[in-house]
Amino acid sequence: SGPSRESGTVRVMTTGIQLTDDTIKRLNKLGAKMTTKPNDCTHLVTKGIVRTEKFLCAMASSPFVLTEGWVNSSVRTGKLLPETDFLISDPESERKWDFKLSASLERAKRQDGGEGLLKGMSFYVTPKVEIDLKLLKAVITSAGGQVQTSKPTARILKANKNRHVISCPADQSIWRPLVEEGYTIYSTELILLAVLTQEIRWKDDNCISSKPSL
């Protein structure tokens with residue numbers, strides 16, 4: 001269940017935007033609180049669809065994703081205005097990543113979305129992966145998954161079908177034997193796209209680092 005006005009407090013988080021202290025004070029007066037915790041935010045204020053840690057981790061809470069106009073107009077009017085007039089429109093990013101933000105936010109409210117999207121899954125992340133481990137960990141955890149940094153082996157993967165390897169060409173020595181055993185090795189895109197779109201694209205070549213030849 002996503003955040004709604006009925007549940008009381010409006011908790012605002014920003015990504016890529018700095019609100020002035022004065023604006024924040026005025027928002028507080030209107031009953032909105034600022035937060036830096038993605039899982040606590042009901043309203044995310046941003047310039048567009050960005051794959052920052054805050055944006056991706058907030059997807060699990062299915063917040064309103066709004067332009068800064070919502071803040072400025074609310075402060076000017078002296079009341080929190082309806083969100084629907086200020087929803088982010090970013091068709092370029094939606095085309096680039098082939099998804100619709102509004103549909104993803106709806107999916108995030110389902111049991112198998114949001115905090116349940118990667119539930120029960122463990123991702124073995126190899127050392128040379130080009131994305132900051134802290135970011136990956138935060139994003140995976142926000143969606144209910146777990147990160148392992150121990151070396152993945154065929155035995156580990158065989159023991160549980162919900163274990164997957166996230167790697168990159170530079171770590172070929174780690175994953176080559178796994179591919180020979182028939183395992184697909186995924187890239188960090190699998191995670192970033194899954195959380196952004198609220199769908200796991202296991203078959204998408206952009207999400208695959210290497211796979212067994214047929």
Side-chain angles (χ1 to χ4, degrees), residues 1-4 7 11 13 15 35-46 48-66 83 87-88 90 93-126 129-150 152 156-157 159-168 183-209 211:
S1 58
S4 71
S7 62
R11 293 179 298 277
M13 184 172 75
T15 182
T35 183
T36 53
K37 294 195 191 108
N39 61 348
D40 188 40
C41 103
T42 58
H43 293 59
L44 178 63
V45 177
T46 176
I49 296 168
V50 285
R51 300 204 304 184
T52 59
E53 184 175 326
K54 278 175 161 180
F55 194 107
L56 292 170
C57 291
M59 286 298 294
S61 317
S62 187
F64 291 105
V65 183
L66 306 169
E83 294 84 359
L87 297 173
I88 275 291
D90 186 353
S93 297
E94 290 186 325
R95 260 198 310 277
K96 178 178 173 185
W97 290 311
D98 187 25
F99 83 117
K100 273 263 178 283
L101 182 63
S102 55
S104 300
L105 290 165
E106 277 308 310
R107 279 197 290 277
K109 294 176 186 170
R110 300 194 321 215
Q111 239 178 335
D112 59 352
E115 288 167 15
L117 184 71
L118 304 177
K119 195 175 168 202
M121 297 180 202
S122 290
F123 295 92
Y124 287 75
V125 180
T126 65
V129 154
E130 63 288 356
I131 282 184
D132 183 45
L133 185 65
K134 183 183 141 305
L135 174 119
L136 267 186
K137 222 178 196 150
V139 172
I140 289 171
T141 311
S142 76
Q146 285 184 320
V147 172
Q148 305 290 345
T149 49
S150 51
I156 287 173
L157 297 179
N160 185 333
K161 67 171 178 22
N162 285 319
R163 291 173 179 168
H164 308 284
V165 180
I166 301 288
S167 193
C168 55
Y183 292 101
T184 297
I185 307 302
Y186 298 98
S187 69
T188 50
E189 276 301 297
L190 181 82
I191 300 298
L192 302 182
L193 276 175
V195 173
L196 181 66
T197 66
Q198 292 294 300
E199 288 181 306
I200 311 174
R201 301 179 178 180
W202 300 111
K203 300 266 186 277
D204 183 339
D205 282 342
N206 294 322
C207 298
I208 294 171
S209 200
K211 61 183 176 187

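Treat the numbers as computed from the prediction; the structure is a model and nothing was measured. Throughout, numbering of the chain's residues begins at 1 and tracks the sequence.
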Are S167 and T126 close enough that a side-chain donor and a side-chain acceptor fall under 3.5 Å? yes

E115 and K109: salt bridge (charged side-chain N to carboxylate O under 4.0 Å, His left out), yes or no, with the steps? CA-CA 9 Å; E115 288 167 15; K109 294 176 186 170; over 6 Å; no

Within the structure provided, determine whether Y186 and W202 are in side-chain contact (heavy-atom separation under 4.5 Å). yes

Ignoring hydrogens and angles, tell me if any N or O in the side chain of S61 forms a donor-acceptor pair with the backbone of P38 under 3.5 Å. yes

Would you say Q198's side chain and G114's backbone share a donor-acceptor pair under 3.5 angstrom? yes

Test of understanding: with salt bridge (Lys or Arg N to Asp or Glu O under 4.0 Å), list the residues that count as partners of D40, not counting sequence neighbours. R11

Please report the C-alpha distance between L196 and F99 in whole Å, then the side-chain angles of each, then the deciding distance to 0.1 Å, and finally whether the side-chain contact (heavy atoms from CB on, under 4.5 Å) criterion is met. CA-CA 9 Å; L196 181 66; F99 83 117; 3.7 Å; yes

Could you walk me through whether D112 and R107 pass the salt bridge (charged side-chain N to carboxylate O under 4.0 Å, His left out) test, one step at a time? CA-CA 8 Å; D112 59 352; R107 279 197 290 277; over 6 Å; no

Above 12 or not: heavy atoms from other molecules or residues under 6.0 Å from NZ of K137? no

Do T197 and S104 have a side chain donor and acceptor closer than 3.5 Å? no

Intermediate values then yes/no, salt bridge (charged side-chain N to carboxylate O under 4.0 Å, His left out), K134 and E53: CA-CA 9 Å; K134 183 183 141 305; E53 184 175 326; 3.1 Å; yes

Got more than 12 heavy atoms from elsewhere within 6.0 Å of CD, Q111? no

Between L157 and H164, which heavy-atom pair has the shortest distance, and what is it? CD2-N, 4.4 Å

Applying side-chain contact (heavy atoms from CB on, under 4.5 Å) to V147 and Y124, what does each step give before you reach the verdict? CA-CA 6 Å; V147 172; Y124 287 75; over 6 Å; no

Does a side-chain heavy-atom distance below 4.5 Å link V45 with V65? no

Heavy-atom closest pair (A108 atom, M59 atom, distance to 0.1 Å) is CB-O, 3.3 Å

Specify the closest pair of heavy atoms between C41 and A58, including all atoms of both residues, with the distance to one decimal. SG-CB, 4.1 Å

Does any part of the side chain of P63, heavy atoms only, come nearer than 4.5 Å to the side chain of L105, both counted from C-beta? yes

Sorted by chain and number, sequence neighbours left out, side-chain hydrogen bond (donor to acceptor under 3.5 Å, both in side chains) with N39 holds for none

Heavy-atom check, side chain of I49 versus side chain of F55, under 4.5 Å: yes

Is the shortest side-chain heavy-atom distance between D90 and V50 below 4.5 Å? no

How about L66 and L87: do any of their side-chain heavy atoms sit closer than 4.5 Å? yes

For I131 and I191: C-alpha separation, side-chain torsions, deciding distance, then whether side-chain contact (heavy atoms from CB on, under 4.5 Å) applies. CA-CA 11 Å; I131 282 184; I191 300 298; over 6 Å; no

Side-chain donor/acceptor of R163 to backbone N/O of I156, under 3.5 Å: yes

Output for pair (I88 CD1, S102 OG), nearest 0.5 Å, gives 13.0 Å

Candidate pair M13 and H43, rule side-chain contact (heavy atoms from CB on, under 4.5 Å), full reasoning: CA-CA 6 Å; M13 184 172 75; H43 293 59; over 6 Å; no

Closest non-hydrogen atom pair between T52 and L135, with its separation: C-CD1, 4.4 Å

To the nearest 0.5 Å, tell me how far N162 CG sits from S122 OG. 8.0 Å

Return the SG to CD1 distance between C207 and I185, rounded to the nearest 0.5 Å. 14.0 Å

For S142 against C57, the heavy-atom pair lying closest together: OG-CA, 3.7 Å

So does G120 get a backbone contact from the side chain of Q146, meaning a donor-acceptor N/O pair under 3.5 Å? no

For a 4.5 angstrom cut-off between non-hydrogen side-chain atoms, does L193 reach R51? yes

Between L56 and L192, is any pair of side-chain heavy atoms under 4.5 Å apart? yes

Restricting to non-hydrogen atoms, name the atom on L117 and the atom on E199 that form the minimum distance, rounded to 0.1 Å. CD1-N, 4.3 Å

